[in-house]
Engineer: 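Starting off with a structure, shown below.
Note that these values count all heavy atoms, side chains included, but never hydrogens, waters or copies made by symmetry. Bear in mind the structure is a predicted one, so any value in this text is a computation, not a measurement.
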Amino acid sequence: MRRLPHPITGMIYTDLGEGRVRVEDQNTGEYGIFRWDGLWLEGDMTQADLHYLVHVGGQNLPEGRDIYWAMLPTTQSPDEGQGGPDYASRFSTDKKAPPPPPVIGKFIGDPGQETEMGARSSSHVDLEYILKNDRHPERVPDVYWLESPMSGGPTRIPTARFHDRKYHDLEVERLWKRTWQMACREDDIPEVGDYHIYEIASLSFIIVRTGKNEFKAHYNACLHRGRILKEMDGKGAKELRCPFHGWTWDLDGGLKHLTCEWDLPGVAGDVGQLPGAKVGTWGGFIFINPDMDAEPLEEFLGPVMMAHYEKFKLENRYKHAHVRKTVKANWKVAQEAFMEAYHIAATHPQLLLIGGDSADVRYDVFGNWGRAQHVSPPASSPHRGILKTREEVLARWRASADANAKYLRSLIGDEVDLYSDAELNDSCFNDLFPNMHPWGGWARIVFRFRPLGDDPDYCQMEVMLLAPWPEGKEKPAPAKVHELRSDQKWCDAPEIGTLARILDQDSMNMANVHKGMKTKQPPYVWYTAYQEGKIRNFHENYRKKLELGEDE
């Protein structure tokens with residue numbers, strides 16, 4: 001049973017079981033009992049923090065799974081790869097784990113400050129100070145020194161972008177048919193003949209391994225009557241045969257057999273090759289672009305992005321969790337929930353109990369790639385007037401690096417000695433236009449957001465966890481996709497650990513943001529100059545890709 005103080009009000013929230021939470025003011029004796037979703041049940045206190053209610057009284061994870069996602073066991077064995085129970089317990093909210101002392105402070109608001117780079121949080125610590133004091137400066141990659149915040153001020157975007165059919169149809173023609181997008185992991189189709197079905201809006205592709213390091217992407221439709229060739233992922237195919245009339249192509253898309261060719265004079269030349277998409281690979285991921293004249297994948301990613309991930313070797317990672325869920329919101333609404341930390345204090349208030357409120361997160365944009373939380377020690381909570389000196393911030397940064405090194409050594413051995421303090425602490429929440437979020441460093445998270453078929457009011461959200469894995473050691477088979485219904489909670493996927501409880505809080509916003517955009521007047525939303533700069537960068541890329549006017 002959870003019993004936690006609220007980090008701002010100090011009210012005590014107690015789980016009563018069966019989805020009920022008691023909220024009590026210990027100074028006045030006033031109390032209220034609420035359902036986890038906010039419904040008041042009894043008492044003289046009639047208002048409570050909705051997101052804190054779900055954290056305290058919402059669905060629980062099974063025993064032993066309420067662990068910080070970056071510290072989860074890397075295989076199905078509950079003991080292997082833990083790095084020691086003492087360290088793992090520091091990131092656990094299991095009742096057996098001793099909680100850190102709660103940090104409570106009344107909300108006063110962050111007054112901000114002016115810096116050479118522009119307006120920043122009052123808790124801002126300059127990048128140069130942290131990196132110059134890294135204990136292994138020779139190991140810090142050059143790319144870590146770069147700062148590139150989104151230019152311009154607060155920006156407004158029309159709400160129609162998130163629900164109007166016009167934009168959905170434009171996305172199909174000008175975005176999904178013309179842009180590099182992650183389809184799957186190479187490990188998902190490990191052997192020649194293995195294939196994966198990638199769907200985006202109304203489009204469907206077969207991604208097939210045709211050689212040791214060779215892949216093809218074909219439109220998933222028979223050239224006879226348009227029947228889908230493959231309905232689900234598969235292994236060991238020798239050919240691509242239509243179940244309707246038996247027309248057949250080789251794995252590389254060349255025509256192999258035309259049933260009753262005598263009745264189709266002159267047709268073979270027209271159907272001799274399955275149309276396809278351009279294919280590229282990076283970090284163990286397979287990307288496709290239906291535009292065969294598109295720039296190379298490496299150019300789309302950009303040198304800064306590739307340099308940032310280079311030492312982390314994502315191609316060596318092991319996919320130990322993969323969860324997919326239908327969300328009642330447009331895909332852009334869903335993904336924007338994970339492109340800023342501005343929402344932390346309101347949506348994830350429990351995080352304030354053990355540290356800062358993320359007002360000092362650093363944001364950068366580099367073309368199609370956005371980076372956030374880069375070298376951002378979460379030590380202060382300016383919204384509550386809790387500020388640390390630069391020296392205190394640095395000390396905590398170094399302690400965190402040491403703790404991470406100890407844990408990582410249990411997974412990758414002495415390879416950990418190649419990394420600086422900055423890299424050991426790296427857990428950036430990054431995004432790649434248009435819909436992939438490959439977090440940096442050791443965070444493990446990869447998000448992907450896709451429209452659900454031709455309905456702009458729904459999307460599919462996916463979570464993958466990529467665990468560090470020793471180079472040269474054979475990896476287990478990647479986790480299969482765990483499908484959740486739209487009415488299920490992320491906590492029904494305990495394989496993603498405490499991240500599930502975080503996502504259940506985020507999910508409370510998504511559908512209501514989408515619904516609110518349809519009724520909002522004036523019909524536009526605002527994005528902040530700095531903290532939502534990555535979202536502004538997305539919308540500028542989006543506007544250009546869809547060939548929209550400045551006000552569309």
Engineer: Let's go through M464 and I445 carefully: what are the C-alpha distance in whole Å and the side-chain angles of both, what is the deciding distance for side chain to side chain contact (heavy atoms under 4.5 Å, CB included) to 0.1 Å, and is it a yes or a no?
Structural biologist: CA-CA 6 Å; M464 303 179 196; I445 295 174; over 6 Å; no
Engineer: Do E423 and Y144 have side-chain N/O donor and acceptor atoms under 3.5 Å apart?
Structural biologist: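 No - no donor-acceptor pair under 3.5 Å links their side chains.
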Engineer: For F244, does the six-membered ring have the charged nitrogen or CZ of R227 within the cation-pi criterion, i.e. under 6.0 angstrom from the centroid and within 45° of the normal?
Structural biologist: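 No, cation not above the ring by the 6.0 Å, 45° rule.
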Engineer: For F205 together with Y219, are the ring centres under 6.0 Å from each other?
Structural biologist: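 Here the rings of F205 and Y219 have centres that are less than 6.0 Å from each other.
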Engineer: Tell me if a side-chain donor or acceptor on R371 pairs with a main-chain N or O of D364 at a distance below 3.5 Å.
Structural biologist: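 Answer holds: no.
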Engineer: Can a donor-acceptor pair be found between the side chains of N330 and D457 at a distance below 3.5 Å?
Structural biologist: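 Side chains of N330 and D457: no pair found under 3.5 Å.
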Engineer: Examine the side chains of H437 and D431 and answer whether a donor and an acceptor come within less than 3.5 Å of each other.
Structural biologist: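 Looking only at side-chain atoms, D431 and H437 do not form any donor-acceptor pair under 3.5 Å.
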Engineer: Side chains of E415 and K313: closer than 4.5 Å at any heavy-atom pair?
Structural biologist: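 Yes, close enough: below the 4.5 Å cut-off.
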Engineer: Is the backbone of L452 close enough, under 3.5 Å, to the side chain of D455 for a donor and an acceptor to pair up by distance?
Structural biologist: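 Not at all, since once roles are kept as given, no pair shorter than 3.5 Å links the two residues.
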Engineer: For Q373 and D426, test the side chains for any donor-to-acceptor distance below 3.5 angstrom and give the result as yes or no.
Structural biologist: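 Judged by distance alone, the side chains do not pair up.
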Engineer: Counting C-beta onward and ignoring hydrogens, is there a side-chain heavy-atom pair between W282 and L297 closer than 4.5 Å?
Structural biologist: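 The answer is yes, as the side chains (C-beta and beyond) meet within the 4.5 Å cut-off.
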Engineer: How close do Q59 and C491 get, counting heavy atoms only, and between which atoms?
Structural biologist: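 For Q59 and C491, the tightest heavy-atom pair comes out as O-SG, 3.4 Å.
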Engineer: May I ask you to decide if G246's main-chain N or O and H224's side chain share a donor-acceptor pair within less than 3.5 Å?
Structural biologist: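 Not confirmed, H224 side chain does not pair with G246 backbone.
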Engineer: Counting distance only, does the side-chain N/O of Q335 pair as donor-acceptor with the main-chain N or O of P434 below 3.5 Å?
Structural biologist: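 Yes, the answer is positive, given that a donor and an acceptor are paired below the 3.5 Å cut-off.
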Engineer: Should D291 and K177 count as side-chain neighbours, where that means a heavy-atom distance under 4.5 Å?
Structural biologist: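 D291 does not reach K177 side chain to side chain.
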Engineer: Report, as yes or no, whether the 6.0 Å neighbourhood of atom OH on Y342 holds more than 12 heavy atoms from other residues, nucleotides or ligands.
Structural biologist: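 Not buried by this count: 12 neighbours or fewer within 6.0 Å.
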Engineer: Flag the pair L223 / W249 as yes when at least one side-chain heavy-atom distance between them is below 4.5 Å, and no otherwise.
Structural biologist: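 Yes; the side chains approach each other to less than 4.5 Å.
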Engineer: In this structure, is the centre-to-centre distance between the rings of W180 and F433 below 6.0 Å?
Structural biologist: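 For F433 and W180, the ring centres are not under 6.0 Å apart.
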Engineer: Compute whether any side-chain donor of one residue and acceptor of the other, for E532 and Y363, lie under 3.5 angstrom apart.
Structural biologist: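 Distance-only check fails for E532 and Y363.
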Engineer: Indicate, with yes or no, if the rings of W369 and H308 have centres closer together than 6.0 Å.
Structural biologist: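 That pair passes the under 6.0 Å test.
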Engineer: Examine distances only and state if a side-chain atom of R448 and a backbone atom of M461 form a donor-acceptor pair shorter than 3.5 Å.
Structural biologist: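 No; judged by distance alone, with no hydrogens or angles, the pair does not exist.
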Engineer: So, the side chain of N512 versus the backbone of N509: is there a donor-acceptor pair under 3.5 Å, distance only?
Structural biologist: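 The answer is no, because no donor-acceptor pair under 3.5 Å joins these two groups.
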Engineer: Test D187 against every option in K480, K475, K319, R209 by the salt bridge (Lys or Arg N to Asp or Glu O under 4.0 Å) rule and name the one that passes.
Structural biologist: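 Answer after filtering K480, K475, K319, R209: K475.
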Engineer: Taking atom types as modelled, is there a side-chain donor on W490 or S507 under 3.5 Å from an acceptor on the other?
Structural biologist: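 Result is yes, a qualifying pair exists.
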Engineer: Report yes if some heavy atom in the side chain of R178 is under 4.5 Å from a heavy atom in the side chain of E173; otherwise report no.
Structural biologist: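 Side chain of R178 against side chain of E173, heavy atoms only: no contact under 4.5 Å found.
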Engineer: To check you understand the geometry: which heavy-atom pair defines the closest contact between G64 and I67, and what is its length?
Structural biologist: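 Closest approach of G64 to I67, heavy atoms only: O-CD1, 3.3 Å.
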Engineer: Would you call K216 and D252 a salt bridge, using N to O less than 4.0 angstrom?
Structural biologist: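 Not counted as a salt bridge, because no side-chain N and carboxylate O are separated by less than 4.0 Å.
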Engineer: Any side-chain to backbone donor/acceptor pair from R444 onto A70? Under 3.5 Å, distance only.
Structural biologist: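 Checked: pair present.
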Engineer: Working to the nearest 0.5 angstrom, can you tell me the gap between E552 CD and I157 CD1?
Structural biologist: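 Rounded to the nearest 0.5 Å, the CD-CD1 separation comes out at 11.5 Å.
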Engineer: Are K332 and E171 close enough for a salt bridge, meaning some N to O gap below 4.0 Å?
Structural biologist: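 Result for this pair is yes, salt bridge flagged.
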Engineer: Quick check: W331 with F449 (ring centres under 6.0 Å apart)?
Structural biologist: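 No, they do not, as the ring centres are separated by 6.0 Å or more.
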Engineer: Might you point out which heavy atoms bring P494 and P62 nearest each other, and give the distance in Å?
Structural biologist: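 Looking at all heavy atoms of both residues, the shortest contact is CB-CD, 3.4 Å.
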Engineer: Assess whether atom NZ of K238 is packed by more than 12 heavy atoms of other residues, nucleotides or ligands within 6.0 Å.
Structural biologist: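 Check fails, neighbour count at 12 or below.
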Engineer: So, for P468 and W442, which heavy atoms are closest and what is the spacing to 0.1 Å?
Structural biologist: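 Reported closest heavy-atom pair: CG-CE3, 3.7 Å.
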Engineer: Around atom CG of D551, are there more than 12 heavy atoms of other residues, nucleotides or ligands at under 6.0 Å?
Structural biologist: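 No, the 6.0 Å shell around CG holds no more than 12 heavy atoms from other groups.
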Engineer: Do other residues, nucleotides or ligands put more than 12 heavy atoms under 6.0 Å from the CD atom of E191?
Structural biologist: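 No.
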Engineer: A cation-pi test, strictly: NZ or CZ of R156 under 6.0 Å from the centre of the six-membered ring of Y524 and no more than 45 degrees from its axis. Yes or no?
Structural biologist: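 Output yes; distance and angle both within limits.
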Engineer: Distance only, no hydrogens: is a donor on one side chain within 3.5 Å (strictly under) of an acceptor on the other, for H539 and R161?
Structural biologist: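 Note: H539 and R161 side chains meet the donor-acceptor criterion.
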Engineer: Would the distance check show the side chain of Q488 and the main-chain N or O of R485 forming a donor-acceptor pair, the cut-off being under 3.5 Å?
Structural biologist: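 A pair under 3.5 Å: yes.
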Engineer: Decide side chain to side chain contact (heavy atoms under 4.5 Å, CB included) for V327 and Y458; before the verdict, give the C-alpha distance in whole Å, the side-chain angles of both, and the deciding distance to 0.1 Å.
Structural biologist: CA-CA 6 Å; V327 176; Y458 287 82; over 6 Å; no
Engineer: Measuring only between side-chain heavy atoms, which start at C-beta, is I197 closer than 4.5 Å to E231?
Structural biologist: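 They are not in contact (no side-chain heavy atoms under 4.5 Å apart), so the answer is no.
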Engineer: Show the numbers, then the answer: is there a side chain to side chain contact (heavy atoms under 4.5 Å, CB included) between Y198 and I288?
Structural biologist: CA-CA 10 Å; Y198 171 68; I288 71 164; 3.7 Å; yes
Engineer: Test N289 against E295 for side chain to side chain donor-acceptor pair (under 3.5 Å), laying out the working first.
Structural biologist: CA-CA 9 Å; N289 189 335; E295 77 274 39; 4.8 Å; no
Engineer: Please find the pair of heavy atoms, one from G440 and one from N430, that lie closest to each other, and give the distance.
Structural biologist: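 Closest approach of G440 to N430, heavy atoms only: N-ND2, 3.5 Å.
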Engineer: Tell me whether the rings of F338 and F447 are parallel (<30°), tilted (30 to 60°) or perpendicular (>60°).
Structural biologist: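 F338 and F447: tilted rings.
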Engineer: Donor-acceptor pair, distance only, cut-off 3.5 Å: does the side chain of K278 make one with the backbone of G280?
Structural biologist: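 A pair under 3.5 Å: no.
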Engineer: Could you check whether any side-chain heavy atom of N368 comes within less than 4.5 Å of a side-chain heavy atom of N541, counting everything from C-beta outward?
Structural biologist: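 A side-chain contact exists here, since the closest heavy-atom pair is under 4.5 Å.
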Engineer: Is there side-chain contact between E462 and R450, with at least one heavy-atom pair below 4.5 Å?
Structural biologist: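 Yes - at least one pair of side-chain heavy atoms lies under 4.5 Å apart.
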Engineer: Using the side chain to side chain donor-acceptor pair (under 3.5 Å) rule, take D233 and H196 through it: C-alpha gap first, then chi angles, then the decisive distance, then the call.
Structural biologist: CA-CA 5 Å; D233 300 350; H196 171 80; 3.2 Å; yes
Engineer: Minimum heavy-atom separation for K311 to P141, with atom names?
Structural biologist: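 Shortest heavy-atom contact: CD-CG, 4.3 Å.
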Engineer: Could you walk me through whether T248 and L240 pass the side chain to side chain contact (heavy atoms under 4.5 Å, CB included) check?
Structural biologist: CA-CA 6 Å; T248 307; L240 302 174; over 6 Å; no
Engineer: With a 3.5 Å cut-off and no angle check, do the side chains of E495 and H320 form a donor-acceptor pair?
Structural biologist: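 Their side chains do not contain a donor-acceptor pair, so the 3.5 Å distance test is not met.
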Engineer: Counting only N and O atoms by type, is there a donor-acceptor contact under 3.5 Å from the side chain of T179 to the main-chain atoms of W176?
Structural biologist: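 No; judged by distance alone, with no hydrogens or angles, the pair does not exist.
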Engineer: Applying the ring pair (Phe, Tyr, Trp, His ring centres under 6.0 Å) test to H348, which of H51, H55, H343 qualifies?
Structural biologist: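 The option that passes is H343.
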Engineer: Do K534's NZ or CZ and the ring of F538 fall within the cation-pi criteria of under 6.0 Å and 45°?
Structural biologist: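 The answer is no; the distance or angle limit is not met.
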Engineer: Ring centroids only, cut at 6.0 angstrom: are Y419 and F312 within range, meaning strictly under it?
Structural biologist: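 Centroid distance Y419-F312: below 6.0 Å, so yes.
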